[in-house]
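In what follows, chains are A, B, ... by sequence order, proteins preceding strands, each numbered from 1.
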There are 2 protein chains.
Amino acid sequence: MVRAVSDTHGEILAAAARQFTVTGYRGTSLQDIAREVGCSKATVLYHFANKEALLAELMAPAIGVLRDLDDRLTGLTGAAAQEFAAQGFVDLAVRFRREIAVLRGEFPELLCQPAFAHIQQISDRLRDALAGHSERPAARIAALVLLAGISEACGEFADITDDDLRSALLTLVRRAVEPVDAPLPQPPTTEDKDS
Amino acid sequence: MVRAVSDTHGEILAAAARQFTVTGYRGTSLQDIAREVGCSKATVLYHFANKEALLAELMAPAIGVLRDLDDRLTGLTGAAAQEFAAQGFVDLAVRFRREIAVLRGEFPELLCQPAFAHIQQISDRLRDALAGHSERPAARIAALVLLAGISEACGEFADITDDDLRSALLTLVRRAVEPVDAPLPQPPTTEDKDS
DNA sequence: TCAGACCCTGACCGATCGGTCAGAGAGAAG
DNA sequence: CTTCTCTCTGACCGATCGGTCAGGGTCTGA
């Protein structure tokens with residue numbers, strides 16, 4: 001039986017999400033979260049093993065999508081990989097605006113935690129794909145600026161619909177990204193026409 | 001007289017700069033800084049009124065250049081403002097890679113402090129200029145993504161020379177930015193070709 | 001020799017952090 | 001009624017934070 005399963009768990013999660021986006025992970029104390037929910041700090045720690053576990057549960061969906069994107073990226077090369085990375089990352093950034101905003105700036109330390117061990121590697125692969133796997137500094141720089149800028153910026157456009165934001169970002173990426181070095185021969189099947 | 005003016009002050013500043021770029025402002029304690037310098041925490045607080053004053057002194061040069069850029073931006077409009085903002089900001093970002101990296105992610109809280117009260121407004125004006133003062137969401141989004149991405153990314157290319165980084169970023173911005181709505185008639189005089 | 005400015009320190013402070021723990025209260029099951 | 005589980009809490013803990021303070025060295029100029 002479920003015993004109506006008090007939604008305190010969910011309330012804590014929601015409050016944490018709100019506070020993390022405003023004051024950041026480090027800047028938000030368990031006390032702050034408890035206060036917003038209207039319970040004690042001990043209650044927060046009854047529902048979550050520790051502060052890190054709270055963050056991990058908050059990020060789980062976004063990280064799942066990111067891993068999925070990474071999986072489907074392997075095998076693609078050249079312009080196809082570039083376009084797929086662009087679409088995939090823009091879509092992810094838009095859908096998980098809030099979650100990404102949480103990690104803003106706290107990446108370096110947070111990435112050391114086991115729960116987030118792989119996302120640095122994944123984002124590196126995304127960047128490489130977006131750079132057309134080129135070694136040219138200009139291509140690498142453009143890809144990193146776009147990834148970082150989108151991560152940073154998309155949380156600040158709460159007044160724009162997902163669709164509008166997505167199309168604007170995708171247009172921007174396609175215009176800004178370095179074109180792949182050589183027009184490599186790619187099978188004309190399973191191809192998206194404008195890239 | 002100068003009494004050889006013990007360079008402890010400078011050493012503390014340098015150590016703080018290093019640590020802030022790695023662990024962030026919040027993540028670095030006065031104890032950490034003192035340990036790297038090889039002095040006591042009390043010594044750090046003898047040379048600087050408090051932790052915030054240390055940060056302020058570290059940021060002063062970058063902020064000065066930013067204000068100067070803002071001053072020279074007023075009066076310019078359209079494509080001229082856009083190009084000036086692009087060149088000015090890219091140059092600033094490259095020259096002060098380290099300082100900008102310090103503020104990475106800690107902007108929201110730090111901007112509340114009096115020493116940094118104006119830089120949010122300045123960066124807003126920079127973004128507007130880069131967007132060609134357009135109201136179109138796509139233009140605003142592109143400008144913000146570029147500003148945020150450059151701020152975020154330029155600290156991570158320690159292996160690239162200033163000149164290379166600057167030209168790569170400038171190329172990126174010119175390609176990525178939304179062109180101004182209309183080719184407005186601008187006086188061909190008092191025009192800075194590259195500064 | 002001595003006063004004073006400068007530089008530095010250990011000891012200490014209150015506040016706050018994440019986290020622990022014993023136990024209270026409410027229902028459900030027997 | 002008793003018993004058990006689930007939910008929640010106040011009190012408390014050690015660690016660490018930014019910051020204060022009285023005082024000890026050291027050098028300089030009178």
Side-chain angles (χ1 to χ4, degrees), chain A residues 1-20 22-59 102-103 105-106 108-110 112-116, chain B residues 1-20 22-59 102-103 105-106 108-110 112-116:
Chain A
M1 80 168 315
V2 195
R3 213 243 269 257
V5 72
S6 148
D7 60 343
T8 306
H9 189 93
E11 286 179 32
I12 293 173
L13 221 44
R18 272 189 295 271
Q19 303 234 21
F20 284 167
V22 176
T23 24
Y25 176 73
R26 307 268 285 271
T28 301
S29 71
L30 297 178
Q31 193 66 261
D32 294 332
I33 298 169
R35 193 180 303 119
E36 179 171 331
V37 174
C39 68
S40 73
K41 187 181 68 170
T43 299
V44 175
L45 287 164
Y46 167 77
H47 285 278
F48 299 89
N50 48 43
K51 194 183 180 186
E52 179 186 338
L54 213 178
L55 178 65
E57 187 161 328
L58 214 52
M59 292 299 170
V102 170
L103 293 179
E106 308 194 81
E109 305 90 24
L110 291 182
C112 300
Q113 300 183 359
F116 312 110
Chain B
M1 76 166 319
V2 195
R3 211 246 268 257
V5 72
S6 149
D7 59 345
T8 306
H9 189 94
E11 285 180 32
I12 292 172
L13 221 44
R18 272 189 296 271
Q19 303 234 21
F20 285 167
V22 177
T23 24
Y25 176 73
R26 308 268 286 271
T28 302
S29 70
L30 297 178
Q31 192 67 260
D32 294 332
I33 298 169
R35 193 178 303 120
E36 179 171 332
V37 173
C39 68
S40 74
K41 188 181 68 171
T43 300
V44 175
L45 287 164
Y46 168 77
H47 285 276
F48 299 89
N50 49 41
K51 194 183 180 185
E52 179 185 337
L54 213 179
L55 178 65
E57 187 162 326
L58 213 51
M59 293 298 169
V102 170
L103 293 179
E106 309 195 81
E109 305 91 23
L110 291 181
C112 300
Q113 300 183 359
F116 311 110

Where each residue is assigned the nucleotide of DNA chain D containing its nearest heavy atom, which of A/C39 and B/N50 is assigned the position nearer the 5′ end?
A/C39

Between atom NE2 in B/H47 and atom C1' in C/dA5, what is the gap in whole Å?
14 Å

Could you state the atom-to-atom distance from CD of A/Q31 to P of D/dG10 in whole Å?
10 Å

Taking salt bridge (charged side-chain N to carboxylate O under 4.0 Å, His left out) as the cut-off, I'd like each qualifying pair that reaches into residues 36-49 of chain B, sequence neighbours left out, listed once.
B/R18-B/E36

Nearest-0.5 Å distance that lies between atom NE2 in B/H47 and atom NE2 in B/H9
8.0 Å

Roughly how many Å is it from CD in A/E52 to P in C/dC17, rounded to a whole number?
19 Å

Nucleotide D/dC8, atom C1' - distance to CD1 of A/I12 in whole Å:
10 Å

Side-chain N,O (A/S40) to OP1/OP2 (D/dT9) below 4.0 Å
yes

Can you find a heavy atom in the side chain of A/L54 that is under 4.5 Å from one in the side chain of A/L13?
yes

B/L30 CG to C/dT9 C1', in whole Å, measures 15 Å

Within the pair B/S29 and D/dT16, is there a side-chain N or O less than 4.0 Å away from OP1 or OP2?
no

A/Q19 CD to C/dC17 C1', straight-line distance once rounded to whole Å:
15 Å

A/I33 CD1 to C/dG18 P: how many Å, rounded?
8 Å

To the nearest 0.5 Å, tell me how far B/E52 CD sits from B/M59 CE.
12.0 Å

Is the side chain of B/T43 donor-acceptor paired with the backbone N or O of B/C39 at a distance under 3.5 Å, no angle test?
no

Phosphate contact (C/dC7 OP1 or OP2) by B/H9 side-chain N/O below 4.0 Å
no

Who pairs with B/A53 by side-chain contact (heavy atoms from CB on, under 4.5 Å), at least two apart in sequence or on another chain?
B/A49, B/N50

Between the main-chain N or O of A/D32 and the side-chain N or O of A/Q19, is there a donor-acceptor pair closer than 3.5 Å?
yes

Whole-Å distance separating the CZ atom of A/R26 from the C1' atom of D/dG18:
15 Å

Report, as a single string ordered 5' to 3', how protein heavy atoms within less than 4.0 Å touch nucleotides 20-25 of chain C: B base, S sugar-phosphate only, - not at all.
BB----

N or O in side chain of A/Y46 less than 4.0 angstrom from D/dC8 OP1/OP2:
no

Among C/dG19, C/dC8, D/dC8, find the nucleotide with the atom closest to the side chain of B/T8.
C/dC8

